[in-house]
Colleague: 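Could you have a look at this structure, given as structure tokens, before my questions?
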Protein chains: 2
Amino acid sequence: MKDIFYKYMSRWTSLNEEDQQAIVDEIQIDEFKKGTVLIIQGDTPTKCYFILKGCVRQYAINEEGREVTSNFYTEEQAIAIFNHHKPDKTSDYTFTCMEDSILVVGDLVTEKEMYNKHPQLETMTRRMIEESFSQVQEEFAAFIASSPEERFKTLLMKRPSLIDRVPQHQLASYLGITAESLSRIKKRIHQD
Amino acid sequence: MKDIFYKYMSRWTSLNEEDQQAIVDEIQIDEFKKGTVLIIQGDTPTKCYFILKGCVRQYAINEEGREVTSNFYTEEQAIAIFNHHKPDKTSDYTFTCMEDSILVVGDLVTEKEMYNKHPQLETMTRRMIEESFSQVQEEFAAFIASSPEERFKTLLMKRPSLIDRVPQHQLASYLGITAESLSRIKKRIHQD
DNA sequence: CTCATCTCTTGACTTAAGTCAATGCACGTA
DNA sequence: TACGTGCATTGACTTAAGTCAAGAGATGAG
């Protein structure tokens, strides 16, 4: 499992193998059962996560008490929650495992120590964050410009595995439509 | 004008005043006329920008030849475009000044030198990027969960100055609806 | 001043998404 | 096995967003 993280990290840094291995040796990897709640909406998270295997859903309960899914994280994605600019530092979202998962667990409290200990780690994470940020910006721009049917088609193209891994009504929520509408869109598409 | 940037920067770093001033002394500030194109879709940008005064629109021409607006940047916002993960490093968007603007201009080529010269600069930019990223994630999640009317209301609440500064049909595009629909939504709201 | 261009509103009409409800199927637990 | 729960589909109906087009007003250039 650590190989996966090692390989992933190699994309981001010019650390020599020794330093890179030192970082990898220090990371904590845990297994979580399907249904595990990693972070609860309203709580202040002390951990961050990187997915080696599995799928994690990000959702919130809105003012009407309904669940609204805002993201699914899968293999080789970091669950990037930055809340230190918020006064109370609480998370607006709940994160749960949609299936048995294996995650790298980072400690937000000792984050700074890690940066001091491995000076190039900050460059690495900055670049990782930049890519994630860039991708989210692109996805957001595409979402704005798309109809619900186009959004579903994009999902089929870019993240087909989600279809098998998460319930359709949650996918619908993630696409900003109702489960009924998604059902109809699927029917329409399969007739084409 | 440099005061604005200095004050903004103070939020992000524990640099002493001297170091901070050194960075501020080094930055380049330019004025741009309304209509100036900063970055053209398809080109490879060599500059990045931070807005001291003014408004910049991000848009793309889609496959049907229509303009789709995906963001407006206003005072104290960085135009954060990270494309080094793309093979050809080109920008998917065009950026134009919606009004006369004053911008901090950063050079992407000498970026690394700046980080080496001011070691804490990287921490500062990482934290700035983290906040921007967090905000975009929140906006994206809210967008997904909202109806067009709710999106407009949110815009009224969070960024009211955009109403006076950009044409309504571009606002509509940014909200993912047609100009006609936005007109109708405004009418509906003003009757309430 | 005239004219062209751009922007916004509005009406008529269409389309698709939302709401409510019912049905059937799959799965997990006792 | 029976039952409860969760999920997906479907129908009836409503609502709102999209499309097309026209009209009016504002602005800038010649």
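Chain naming here is simple, since letters A, B, ... match the order of the sequence lines and numbering starts at 1 in each.
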Colleague: Spell out, yes or no, whether A:F140 and B:V68 are grouped together once hydrophobic residues are joined by side-chain heavy atoms under 4.5 Å, including indirect joins.
Modeller: no
Colleague: Taking only N and O in the side chain of A:K187, is any of them less than 4.0 Å away from OP1 or OP2 of D:dT10?
Modeller: yes
Colleague: Does a nitrogen or oxygen in the side chain of A:Q168 sit under 4.0 Å from OP1 or OP2 of D:dG6?
Modeller: no
Colleague: Please verify the inter-ring angle class for A:F133 with B:F133; under 30° counts as parallel, over 60° as perpendicular, anything in between as tilted.
Modeller: parallel
Colleague: Using atom CD of B:E67 as one end and atom P of C:dC6 as the other, report the distance to the nearest whole Å.
Modeller: 11 Å
Colleague: Please pick, from D:dA8, D:dG18, C:dG18, the nucleotide with the shortest atom-to-atom distance to any side-chain atom of B:T178.
Modeller: D:dG18
Colleague: Quick one: which of D:dG18, C:dC8, D:dT9 gets closest to the side chain of B:H169?
Modeller: C:dC8
Colleague: Ignoring backbone atoms, establish whether B:S181 has a side-chain N or O less than 4.0 Å from OP1 or OP2 of D:dG18.
Modeller: yes
Colleague: What integer distance in Å separates A:H190:NE2 from D:dT10:C1'?
Modeller: 17 Å
Colleague: Quick one: is D:dT19 close enough that its OP1 or OP2 comes under 4.0 Å of any side-chain N or O from B:R184?
Modeller: no
Colleague: Measure the distance from CZ on B:R165 to C1' on C:dT7 and round it to the nearest whole Å.
Modeller: 19 Å
Colleague: Can you measure A:E99 atom CD to C:dC27 atom C1' for me and round it to whole angstrom units?
Modeller: 17 Å
Colleague: Quick one: label A:I185 by what it contacts on the DNA or RNA (base, sugar-phosphate, nothing), any heavy atom closer than 4.0 Å.
Modeller: sugar-phosphate
Colleague: Checking B:S173 side chain against B:T69 main chain: does a donor-acceptor pair fall under 3.5 Å?
Modeller: yes
Colleague: Could you check how far CG of A:L182 sits from C1' of D:dC7, rounded to whole Å?
Modeller: 12 Å
Colleague: Of the candidate nucleotides C:dG18, D:dA17, C:dC8, which contains the atom at the shortest distance from the side chain of B:P148?
Modeller: D:dA17
Colleague: Is the distance between the ring centroids of B:Y59 and B:Y93 under 6.0 Å?
Modeller: no
Colleague: State whether the distance check finds a donor on one side and an acceptor on the other, under 3.5 Å, for side chain B:E180 versus base D:dC20.
Modeller: yes
Colleague: Looking at C:dG18, D:dA16, C:dT10, which one has an atom nearest to any side-chain atom of B:R188?
Modeller: D:dA16
Colleague: So that I know where these two stand, are B:Y49 and B:Y73 an aromatic pair - ring centroids less than 6.0 Å apart?
Modeller: no
Colleague: Could you work out which one of C:dT7, D:dT9, D:dA16 sits closest to the side chain of B:P167?
Modeller: C:dT7
Colleague: OP1, OP2 of D:dA17 versus side-chain N and O of B:R151: anything below 4.0 Å?
Modeller: no
Colleague: How many whole angstroms separate atom CD of B:E150 from atom P of D:dT15?
Modeller: 17 Å
Colleague: Roughly, in whole Å, what's the span from CD1 in A:I177 to C1' in D:dA16?
Modeller: 16 Å
Colleague: In whole Å, I'd like the distance from the NZ atom of B:K186 to the P atom of D:dA17.
Modeller: 15 Å
